[in-house]
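Please read all numbers here as calculations on a predicted model, not as lab measurements. Naming: A, B, ... by sequence-line order, numbering from 1 per chain.
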Amino acid sequence: MKKTVSIKENKDFKRLYYRGKSVAAGCLVVYYRQNPYPFCRLGLTVSAKVGKAVVRNRVRRLIRESYRIMEDGVRKSMDIVVVARSSAAAADFRAVRASLSEAFLRAGLINGE
RNA sequence: CAAGUGAGCUAAACAGCCGCGGCGGCGCUGACGCGCCGGUGAGGAAAGUCCGAGCUUCGCAGGGCAGGGUGCCGGAGAAAUCCCGGUGGAGGCGACUCUAAGGAAAGUGCAACAGAAAUAAACCGCCGCGUUAUGCGGUAAGGAUGGAAAGGCGGGGCAAGAGCCCACCGGUCCCCGGGUAAUCGGGGACGCUAUGUAAACCCCACCCGAAGCAACACCGACAGGGGCAGCGAUUUGCCCGAUCCAUACCCCGAAGGGUGGCUUGAGCCGCGGGGAGACCCACGGCCUAGACAGAUGGCUGUUCAAGACAGAACUCGGCUUACCGGCUCAGUUGGGAA
RNA sequence: GCAUCCGUAGCUCAGCUGGAUAGAGCGUCAGACUCCGACUCUGAAGGCCGUGUGUUCGAAUCACAUCGGAUGCA
């Protein structure tokens, strides 16, 4: 399996917020846009509004784990940024996974088989 | 048994599958990398950044002023405002806890209201003289106000009083003794002038170059332009001194990636010894995160006391704050029984 | 990593330096005016001054600690 490539540059984030499309579901917001690479790139944004360092770390791990599970079904060559809302602080893994899959489905990033 | 005080320890555990960051080994590959195996992977506060250091850099760091810090004594320690022990003071029945604790006869400022008067005294009262009366003088013992009223209390003394005189207590100074010292105990001298506030300005003593791992070093890439003997630079401010100045320095622009720094250290654990303690010494053992958008997660099952506060980012020593509980030790007070 | 500022009435702020009465505007409530409402006028209520400890005779003010919020530089 390929390793998940992450978005690191601030200008990449800025471009997605500016040019990309967005879908909100549950405790998450997903921005996505076509990229020129043959793989997907994932970026995570968990701001200080969500909580303290422990809470933010936990939210990041839950999102990353949810993405890992459904990564193989995602359309290729997409830049994806997942933004956590403040309600994500209280969510468990099942709620995060449900929110992410709903957002991906509505965005057309995965097939709703 | 109940209440309370102080000190310390701990911070759910186990199994299976999938997944993540370093490290080591093996294999594949021209290389970037990829795969497999092994082992390892957050805290007592990692937090706040309130102190102190190591380390690194800065045209060398020199002086003065300003500014800041500290302020009983001794010790420990690399150092510190921390820590340990003690002295004085405050609180508590007590175990014990707290304590920015130099100087108010160097100077300045402030002290509302009340009160006659607030650093200076005569409102009432008391006494003397005089008078019809108003008054003049003496007096801080009494009244009243206040946080504070010219040391307190008793006696003598006096017209009434007053350290005016005396004893005791308090204060200051000296001597003797204990203690390394702060200081304590005893004795003597001095009638005693000195309200409080220095976390008001201040005075005295001692200390302080600055910036911080995004420091900094090296490599790679790149494109240059402007200023510069002065109103320049030399790391808080001001002045002086000293030093530097064209392959230097400053400003603007471009590029903003890699490696090191980065974890062996005032290190941790065990045992023994010294000390009242902080701590120190000897011996043995161990290597225990090192990322760079930043690694510990998910699912399933079992057990229990049902899992709090909380996530390393150069590293240590302290302090402070957050915290479900559990456990251990040592004192105290009250009650009961023997 | 370093540095600075701010917490006062329901809201926005004074007052702090230089200590003794907590005040202004908007809002709220009551009354007046009006047939009714708005405007206007009059009056009232509303504060443990973020928290704790200390200094002082006395603390919103001074000092220290702490909690929360905001900002700046690298």
Measure from CE on A:M70 to P on B:G298 and round the result to the nearest Å. 15 Å
Within this structure, what is the CG-to-P distance between A:L62 and B:G19, rounded to whole angstrom? 18 Å
Tell me the partner of B:A150, counting only Watson-Crick (N1-N3 plus N6-O4 or O6-N4) or G-U wobble (N1-O2 and O6-N3) with both under 3.5 Å; none if nothing fits. none
Over how many whole Å does the gap from A:L44 atom CG to B:G297 atom C1' extend? 13 Å
Side chain of A:E65 only, heavy atoms from C-beta on: which candidate in B:G297, B:C299, B:A42 is closest? B:G297
Can you check B:U247 for me, syn or anti if syn means within 90° of 0? anti
Side chain of A:R64 only, please: which of B:G297, B:A312, B:G294 is the nearest? B:G294
Between A:Y31 and A:K21, does the side chain to side chain contact (heavy atoms under 4.5 Å, CB included) criterion hold? Intermediate values first, please. CA-CA 6 Å; A:Y31 291 81; A:K21 298 175 180 176; over 6 Å; no
Classify the nucleic acid contact of A:I69 as base, sugar-phosphate or nothing, counting any heavy atom under 4.0 Å across all strands shown. nothing
Is the glycosidic torsion of B:G22 within 90° of 0, making it syn, or is it anti? syn
Expressed in whole Å, how much space separates the C1' atoms belonging to B:U81 and B:A101? 14 Å
Distance check, C1' atoms only: B:G146 and B:U119, in whole angstrom units. 15 Å
Rounded C1' spacing from B:A118 to B:A194 in Å: 16 Å
Taking syn as a glycosidic torsion within 90° of 0 and anything else as anti, which one is B:A246? anti
One thing to verify: whether A:R33 and A:D79 come together as a salt bridge, which I'm taking to mean a side-chain N less than 4.0 angstrom from a carboxylate O. no
Using the C1' atoms only, state how far C:U51 lies from B:C202, rounded to an integer number of Å. 33 Å
Side-chain contact test, heavy atoms from C-beta onward, threshold under 4.5 Å: evaluate it for A:L42 versus A:V82 and give yes or no. yes
Is B:A79 in the syn range, within 90° of 0, or in the anti range? anti
note: A:I80, atom CD1; B:A293, atom P; distance rounded to Å ~ 20 Å
Counting only Watson-Crick pairs (N1-N3 plus N6-O4 or O6-N4) and G-U wobbles (N1-O2, O6-N3), all under 3.5 Å, who is the partner of B:C244? B:G232
Once pairs are restricted to Watson-Crick or G-U wobble with both distances under 3.5 Å, how does RNA chain C read as a dot-bracket string, [ ] for crossings and | for other-strand pairs? (((((((..((((.........)))).(((((.......))))).....(((((.......)))))))))))).
Among B:G298, B:A42, B:U300, the one nearest A:R94 by side-chain distance: B:U300
Taking OP1 and OP2 of B:G311, is either one under 4.0 Å from a side-chain nitrogen or oxygen of A:R60? no
Verify the cluster assignment for A:V54 and A:F93: are they in a single hydrophobic cluster under the rule of side-chain heavy atoms below 4.5 Å apart? no
Is there a Watson-Crick or G-U wobble partner for B:C9 with both distances under 3.5 Å, and which nucleotide is it? B:G326
Output a table of donor-acceptor pairs, distance under 3.5 Å, between side-chain atoms of residues 94-102 of chain A and any protein atom two or more places apart or on a different chain; print 'none' if there are none.
| residue | atom | partner | partner atom | Å |
| --- | --- | --- | --- | --- |
| A:S99 | OG | A:A95 | O | 2.9 |
| A:S101 | OG | A:R97 | O | 3.1 |
| A:S101 | OG | A:A98 | O | 3.0 |
| A:E102 | OE2 | A:R106 | NH1 | 2.9 |

Could you pick out which residue, A:F93 or A:A53, lies toward the 5' side of RNA chain B when each is mapped onto its nearest nucleotide? A:F93
Closest non-hydrogen atoms of A:V74 and A:C40, given as atom of the first, atom of the second and distance, are CG1-SG, 4.0 Å
B:C239 and B:C51: how far apart are their P atoms, nearest whole angstrom? 30 Å
Which value, in whole Å, describes the distance between the P atoms of nucleotides B:U197 and B:C123? 32 Å
Measure NZ/A:K52 against C1'/B:G311 and give the value in whole Å, please. 12 Å
With a 3.5 angstrom cut-off on both distances, give the Watson-Crick or G-U wobble partner of B:A111, or none if there isn't one. B:U195
To the nearest angstrom, how far is A:D79 atom CG from B:A293 atom P? 16 Å
Rounded interatomic separation in angstrom, taking CG from A:N57 and C1' from B:G43: 14 Å
Could you identify the nucleotide paired to B:G142, looking across every strand shown and requiring Watson-Crick or G-U wobble geometry with both distances under 3.5 Å? B:C124
If the P atom of B:A79 is compared with that of B:C55, how far apart are they to the nearest Å? 14 Å
Phosphate OP1/OP2 of B:G298 contacted by A:R61 side-chain N/O (<4.0 Å): no
Write down the distance separating the C1' atoms in B:C65 and B:A114, rounded off to the nearest Å. 48 Å
Taking only the side-chain heavy atoms of A:R58 (C-beta and beyond), determine which of B:A310, B:G297, B:A42 contains the nearest atom. B:G297
For the pair A:Q34 and A:R75, evaluate side chain to side chain contact (heavy atoms under 4.5 Å, CB included) and give the outcome as yes or no after the intermediate values. CA-CA 10 Å; A:Q34 193 90 27; A:R75 257 170 56 195; 4.1 Å; yes
What does B:A210 pair with, Watson-Crick or G-U, if both distances are under 3.5 Å? B:U57
Could you give me the CA-CA distance, side-chain angles and deciding distance for A:V30 and A:I80, then say whether side chain to side chain contact (heavy atoms under 4.5 Å, CB included) is met? CA-CA 7 Å; A:V30 173; A:I80 301 167; 3.9 Å; yes
Complementary nucleotide of B:A42, counting Watson-Crick and G-U pairs under 3.5 Å: none
Quick one: classify the glycosidic conformation of B:G277 as syn or anti, with syn meaning within 90° of 0. anti
Closest heavy-atom contact between A:Y32 and A:S22? CE2-N, 4.3 Å
Does the side chain to side chain contact (heavy atoms under 4.5 Å, CB included) test come out yes or no for A:R85 and A:L28, once each step is laid out? CA-CA 6 Å; A:R85 289 173 160 171; A:L28 302 174; over 6 Å; no
B:C72 pairs with which nucleotide, Watson-Crick or G-U wobble, both distances below 3.5 Å? B:G86
